Asks: 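Can you keep this structure in mind? I'll have questions shortly.
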2 protein chains.
Amino acid sequence: MTTGTRQTRPAQPTLELVAEAAGVSRATVSRVVNGSTKVSPEIVAVVTAAIERLNYVPNRAARSLASRQTQAVALVVPEDITRFFGDPYFAAIVQGITRRLDESQYILNLLVASSDPSHKTMRYLRSGNVDGALVVSHHTHDDFLTDIESLIPLVFGGRPSDHFGPNTYYVDVDNVAGAQVGTQHLLDIGRRRLGSITGPIDMPAGIDRFTGFQRTLEQAGLSADAVEHADFTAVSAAAAMRRLLERRSDLDGLFVASDLMATGALDVLREQGYAVPDDIAIVAFDDSPAAIGAAVPLTTISQPSAEMGFAMADMLLRLLTGDPDVPHRNIMPTRLIQRASA
Amino acid sequence: MTTGTRQTRPAQPTLELVAEAAGVSRATVSRVVNGSTKVSPEIVAVVTAAIERLNYVPNRAARSLASRQTQAVALVVPEDITRFFGDPYFAAIVQGITRRLDESQYILNLLVASSDPSHKTMRYLRSGNVDGALVVSHHTHDDFLTDIESLIPLVFGGRPSDHFGPNTYYVDVDNVAGAQVGTQHLLDIGRRRLGSITGPIDMPAGIDRFTGFQRTLEQAGLSADAVEHADFTAVSAAAAMRRLLERRSDLDGLFVASDLMATGALDVLREQGYAVPDDIAIVAFDDSPAAIGAAVPLTTISQPSAEMGFAMADMLLRLLTGDPDVPHRNIMPTRLIQRASA
DNA sequence: TTGTAAGCGTTATCAA
DNA sequence: TTGATAACGCTTACAA
């Protein structure tokens, strides 16, 4: 074959063909393919043989058109690719999701898009491509999903914004409580001049962890004004760290809303000659691989990211079976993991 | 609505409905939706209005059943999720691919699976889910794709194994030449006792980079037996580094087949008290973010990973249009990037 | 238990 | 330029 010869691609065998080869009707083949019990063993054998021989695989478009099901679910991530790949948190979530999905017939379609998500993603979800969707890293202004909610089941990773009603399904941790434990740990080891680098204030996880920090300091009668906001990236956290040090060079403790951000903060601290934890102790959040791999292994609030992904997928799958007793929320535990940074 | 009330989900409007609302035939609506020029402006206006009003979105299953096209392509990655997320190389590739695909109508379906790939992945590809596929991180034993090749266009990232004919499409760099440049650099800065940590020997990229290393040493009349194989992960590279040091504690230069692996090697070297580059100089491969972020910024062979992803997608898209002049290979340039490690 | 036949929501081929 | 009408490949009542 020479370059550019447009290849004639052999058509895949159809149900029709298998039926003919096996000497039965299309309906019977369909029953065999779908594992119906109401087919005699002999016929099953004949049909199965024909399927093998012809190397038959059902056409998904036809199948989903007829059955009104796709056997696929989407994972919607309203972030750009760089953030998606850059934060180990997502890796853990996806891992958990696929672990659950692998035991099912469902396949996963990844929709990672911050740019124009309202359009392409919406279209995708509304075109009947998937039976349901998982949503992580949800921002409060991402209200384009509210319409989708009435079309297909949605499960959120992290409490969704208030655009969504109280009947929304989600898996989360108690971010406020987690942040309180983390901040308290800094107090417990004797730190009193605490600062925080927060997540984005347009995300519940960002807000809640900040709230936990504030609340703990209030209760201790300390000021909580050494705060800078960032967006869960290392770069933004580094910038926040610089701003923080400019305002308050006397900090002795820092609560950072994610491990990845803590690595960014660490870089700046090292660069400016601060020792961690001696000068400044750090407690982070996530307990992702980034925590262990950090220049100073991070004391951090562990959340079971992979298990959360698993639970999300499980919740969605139950929803898809029409299970009437799926609880709307699943709040999973956090715990303090002590390492070198605090 | 109470917990568990099975929600009645509104059906999406169909072509039929739009046609009725606009007072035209289904065929005409279809023409408008697909941007046919042969529709009078007035009718276009009427139909468009009806589409807007009803919030119509075409059903993809029906469309692809009728048109025998899916407007989707797959990215097949025969690795497990952990490796996929762990190596910045994949992030760059995916970024390049989506950059190209975003300018098109096509959507991307990610198939990341090392376990039982022959089954689930095959089935997916053969079920008519996608019009074509991109394959990266291809192992020589991954011969399950050979059947697929006759069904849909395939474009490989990296030269595929010999299971595939000479008419296979792929985007690659000259790994042998790149490795030669890297190894030569170590010689140029006066190192003479060189070792290498290679990629997996079941991957062309692994083999070729090793070949480049060997060839350079041969030409210099030096021995190339201080070699350990790893699998492109940091962990495997760390183990390889330990084995290497056990055999040869007098190395003064090291060529490592990827940045990620170099970070694993660096950890071991630091742990065992070797200074980089003073005791041992290192040249790596990829020029991914891992190279800059490494404990010692890495001198490395840069390959244009994102551009390669872009080129792969572009090649596939051209193939899908039936373009008769798509070249079978696109070999992109590498170059040496000097940083601190050598 | 098996077969017949009517959809599923599009596109595409003809006529008009 | 527009409209019938027949596919596309499968599932699913309904009959037999």
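Throughout, a chain's letter reflects where its sequence line sits, starting with A, and its residues are numbered from 1. Every heavy atom of this structure was used, including side-chain atoms; hydrogens, water molecules and symmetry mates were not. This structure is a prediction, so every number in the text was calculated from the model and none was measured.
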Asks: How would you list, by chain and number, every residue that makes a ring-ring contact (aromatic ring centres under 6.0 Å, His included) with B/Y124, sequence neighbours excluded?
Replies: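 With sequence neighbours excluded, B/Y124 shows a ring-ring contact (aromatic ring centres under 6.0 Å, His included) to no residue whatsoever.
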
Asks: Just checking, any donor-acceptor pair under 3.5 angstrom between side chains of A/S161 and A/H138?
Replies: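 Result is yes, a qualifying pair exists.
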
Asks: Rounding to a whole Å, what distance do you find between A/I43:CD1 and C/dT2:P?
Replies: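 Result: 4 Å.
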
Asks: Can you check the A/R60 CZ to D/dC8 C1' distance for me, whole Å?
Replies: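 Whole-Å distance recorded here is 17 Å.
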
Asks: Counting neighbours of CD on A/E52 that are heavy atoms of other residues, nucleotides or ligands and sit closer than 6.0 Å, is the number greater than 12?
Replies: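 Not buried by this count: 12 neighbours or fewer within 6.0 Å.
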
Asks: For residues 29-43 of chain A, which residue pairs qualify under salt bridge (charged side-chain N to carboxylate O under 4.0 Å, His left out), counting only residues two or more places apart or in two chains?
Replies: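 Sorted pair list comes back empty.
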
Asks: For A/L17 and D/dC10, give me the distance from atom CG to atom C1', rounded to whole Å.
Replies: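 Between C1' of D/dC10 and CG of A/L17: 14 Å.
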
Asks: So with a 6.0 Å cut-off around CG of A/D162, is the heavy-atom count from everything else above 12?
Replies: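 No, the 6.0 Å shell around CG holds no more than 12 heavy atoms from other groups.
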
Asks: Please give, in whole Å, the distance from C/dT2 C1' to A/E42 CD?
Replies: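 Atom CD in A/E42 sits about 13 Å away from atom C1' in C/dT2.
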
Asks: Considering only heavy atoms from C-beta outward, does the side chain of A/L154 approach that of A/T168 to under 4.5 Å?
Replies: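 Of all side-chain heavy-atom pairs linking A/T168 with A/L154, none is under 4.5 Å.
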
Asks: When you check every protein heavy atom under 4.0 Å of nucleotides 6-12 of chain C, what one-letter string (B, S, -) results, 5' to 3'?
Replies: BBBBBBB

